[in-house]
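Heads up, the thing below is written out as structure tokens.
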Amino acid sequence: MQVHRSDIPVALCGQAMIAVRRHAIDALRHAPAPAGTADLPARFLRHADEQTVVGIHAVLAAVAEAGLPSTALATCAVLAAPRLAGRPAAARTLSGWAAQGHATVSPHIVPQCSLHAMASAISVALGCHGPHLGVGGGPEAVAEALEVLPWLVRQGGGCRVLMVATGWDDEPALAANGGSAADPVCRAVAVVAEPAAAAGLRCTRVAAPPARPRRGAEELTRFASLAAAVVAGSPVGRALPSWSFVARRGALLRVDVVAADRREAA
Amino acid sequence: MARPLPASNRPPSDRPASDPVVISGVGVRSPLGDSYEAVADALLAGHSAIREIDLGAGMAGLRTLAAALVDSAPPGSVGRLERINLQALTAALADAGVDARGAGPRLGLVLGQGAEHLKEWEADHRAAGANVFTGSGPEPLVERLASAAGIAGPAVAVGAACASSGFAIALARSWLETGLVDVCIAGGCEVISPTAMAAFHNLRALSRWGGEAAAASRPFDRRRDGFVMGEGGAFLVLEAASRARRRGARIRASLVGVGMTSDAAHMVTPCSDPRQAARAITAALADAAVPPDAVDYVNAHAAGTPVGDVAEAGAIALALGPAAATVPVSSTKGLSGHLVSGAAAFEAVACLVALERQAVPATANLDEPDERCPLDHVRGSARARAVDVVASNSFGFGGANLCLVLRRAS
């Protein structure tokens, strides 16, 4: 049963997926930006959550693929959809408090580990003066972001949006210091979305049997597949497949690509 | 190479001006009261809710000043965040006369959220749980709220730090304008937690006022030295004016303008350059088709931080131009404290109070206005005046800037 439908008038002009094992993330904090994109401020990611580090590099890669000059970033909006971001820092903080009291609480825990943090970091690092915000924060973050994206694209009479979704492929079990015996993969999928004359994506909320949250890997890989297909474009007259994302409360968000030859009818 | 985008600074509106998005319901959970009327009375009478509160033995050595909610469970306990949000949310639906369970999928929810995951991990940890270590735990807060309230339509959480619940209201308006939903409830409530209090203290963002607790939050005052945390917030029910009229709902105000920008300056420190905040105000007024001199009240974000208040005064002056000298400005945080992610929605309620009561609440503790904030401050006591159009500023960590413009219901 179709519950509601919305057409998102966007085109995607760049996309990238990055997957990094946890042991390699610290090196990424200091890694240079891709050629042609703005350098990150020195030590800017020192206090950032792991998902922010991977997410910002995915955005830089998507920007590079889109061929956006750094001057075009100033008007961009930012939409970031992390999944349980900040958990390692929270584990460290709560363990530290129990052992040594309130003075050990990092002043960075709230500004760097809240829902807005990744979006803010991207906005600051890339100099984006369009609106920025975090969305979701849980297992349904991709579906939630797709329900927010049209709003940002409409801003200012048409706004380019840097969107990124992140998460661990499998949520790691953490020790008191926030470390993990495992070496899980942190994944980020970024797209550069811009206004289109007609719908590029059609999101339909459909009733579905209650579903368990998908693994981060599954939901993000699905989003990456959607982004890659949209950026590549479809041959005229040939429909692309649909993608679905868990939206909870007995619903899925089904996303169809409205190809160029079908837009008039849409 | 990407193509150039249009330079217009005004979002396209899909809804005719004759059928604006209106506010037809309000639910409040705040230290100043748990009903619209109680909050209105407290704001206009200048009653402060700021006290010394007890956050347990773990806070030894800190003076914990805050505007806390009256609640059955202490700050930091499991379930408190969800219960307080649900109380405000269901109160708003009741005030609007909206039966969520009968509304079906055309009723949406947008929750403004800050560090809620951290707070729920903390509460669980203090109750000997291990969710922060395992990554397990309950469904996201927005899903639990939607399920508990019987909301079947889209539900999302958005985060823009201290402007979160304002961004939620702005997104709800867009969902209505684009026809995604017929009714949308938006807002959010904050709770105080020991970790957040300690983090803000260690950041040196909190007031270290040594005198009377009620005098600690001092927006725009020369002796301000940081903000005072508060908890609570509000939810608003939004729908098209035509729909609200058809069903005989009480229209409290129209949401006629939204402006949003980013400073892109720093993750923590307020931006001293007022230009981007001014651009958000200008965009909101343009969206509302309201000239600066038609604004009757600006509800300032002003939290009482040394840098932030000066920057906001500059932004107001820049956006309003010569009108800044005569448009009344106040910050309600002197009474309520800073409700963080719930602040923007709560301050939208303060704006509704100004529109309904035809009076502007005063900034508490504004004994000596900072000369770097040369505005028409309302101080001492509320100012009676005609109020038809109000603007409400909200700013957040990481440089999120938001301005909402409300117009009195005709």
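The structure presented is a predicted model; accordingly, all values stated were derived computationally and were not measured. Letters go in sequence order (proteins before strands), and every chain restarts at 1.
Between B/F227 and B/F200, the two ring planes are perpendicular [angle over 60°; tilted spans 30° to 60°].
With a threshold of 4.5 angstrom between heavy atoms, B/A146 approaches chain A through its backbone and through its side chain. Heavy-atom distances place both the backbone and the side chain of B/A161 under 4.5 Å from chain A. Heavy atoms closer than 4.5 Å to chain A are found in the side chain of B/R126, but not in its backbone. For chain A, the nearby part of B/T134 is the backbone; its heavy atoms alone come within less than 4.5 Å. The contact between A/W151 and chain B is made by backbone and side chain atoms together, counting heavy-atom distances below 4.5 Å. No part of B/H201 comes within reach of chain A, as not one of its non-hydrogen atoms sits under 4.5 angstrom from that chain. When heavy atoms are compared at a cutoff of 4.5 Å, B/Q276 approaches chain A solely by way of its side chain, counted from C-beta outward. When heavy atoms are compared at a cutoff of 4.5 Å, B/L171 approaches chain A by way of both its backbone and its side chain. Of the two parts of B/A155, the backbone and the side chain both hold a non-hydrogen atom closer than 4.5 Å to a non-hydrogen atom of chain A.
At least one donor-acceptor pair under 3.5 Å links the side chain of A/Q51 to the backbone N or O of A/R83. In this structure, A/S106 contributes its side chain and A/H108 its backbone to a donor-acceptor pair below 3.5 Å.
Each of A/E144, A/E171, A/H132, A/H129 has some count of heavy-atom pairs under 4.5 Å with chain B, and the biggest count is that of A/H129. Chain B forms more heavy-atom pairs under 4.5 Å with one residue of A/G101, A/A48, A/C128 than with any other, namely A/C128. Per-residue counts of heavy-atom pairs under 4.5 Å with chain B were compared for A/L133, A/I122, A/L152, A/L174; the largest is that of A/L174. The residue among A/A143, A/A121, A/G138 with the most heavy atom pairs within less than 4.5 Å of chain B is A/A121.
Taking the charged nitrogens against the carboxylate oxygens, A/R205 and A/E147 do have a contact shorter than 4.0 Å, which makes a salt bridge.
A/R215 CZ: more than 12 foreign heavy atoms inside a 6.0 Å radius.
Between B/L238 and B/V183, the closest side-chain pair of non-hydrogen atoms is not below 4.5 Å.
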